[in-house]
Amino acid sequence: MYVSGMKDYVMFYLVDTRKPLITHLTMKAVEEMLPQEQFMRVHRSYIVALDKIRKVDRNDCIYIGEEIIHVTDAFLPQFQNYLKRMII
């Protein structure tokens, strides 16, 4: 569903699993491994699976699973472009 980063570790939150899968990687390395059509970095510490987004509110918060992830200013233009493409 999404990837969360903590220093040199990342936690993969999967659909059917409560506990995350923790690996010793950087967010940049994970971002390069994942297909860009399916995943997007929306925060310094988060990469989300685009097809798992339940809702986006007007404060640019993504609701995915039980998590609410705020899209930060650095990643907002790219995310807004994605939303525009999905609406059309």
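Numbers here simply count residues along the sequence, with the first being 1.
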### Query
Is there a side-chain contact between V56 and F79, using heavy atoms and a 4.5 Å cut-off?
yes
If I take atom [atom1] from residue [X] and atom [atom2] from residue [Y], how far apart are they, to the nearest 0.5 angstrom?
X   : Y   : atom1 : atom2 : answer
I47 : M1  : CD1   : CE    : 14.5 Å
L25 : D8  : CG    : CG    : 9.5 Å
E37 : Y82 : CD    : OH    : 11.5 Å
H43 : M27 : NE2   : CE    : 9.5 Å
Q78 : Q36 : CD    : CD    : 8.0 Å
E31 : M40 : CD    : CE    : 10.0 Å

### Summary
In short, I64 meets K52 closest at the heavy-atom pair CG1-O, 3.4 Å
### Task
Taking all heavy atoms of M11 and all of P20, pick out the closest pair and write down the distance.
CB-CB, 3.8 Å
Verify the cluster assignment for [X] and [Y]: are they in a single hydrophobic cluster under the rule of side-chain heavy atoms below 4.5 Å apart?
X   : Y   : result
L50 : I68 : no
M6  : V48 : yes
F12 : V15 : no
I22 : V30 : no
I53 : V3  : no

Mark yes when over 12 heavy atoms from residues, nucleotides or ligands other than [X] sit less than 6.0 Å from its [atom1]; otherwise mark no.
X   : atom1 : answer
Y63 : OH    : yes
M33 : CE    : yes
R54 : CZ    : yes

### Query
Side chain of N59, backbone of C61: donor and acceptor closer than 3.5 Å?
no
### Message
When you measure from the side chain of H70 to the backbone of T72, do you find a donor-acceptor pair of N or O atoms at a distance under 3.5 Å?
### Response
no
### Task
Return the orientation label for the Y13 and Y2 ring planes: parallel under 30°, perpendicular over 60°, tilted otherwise.
parallel
### Query
Which of these, V42, L76, L83, I69, sits in a side chain to side chain contact (heavy atoms under 4.5 Å, CB included) with D60?
L76
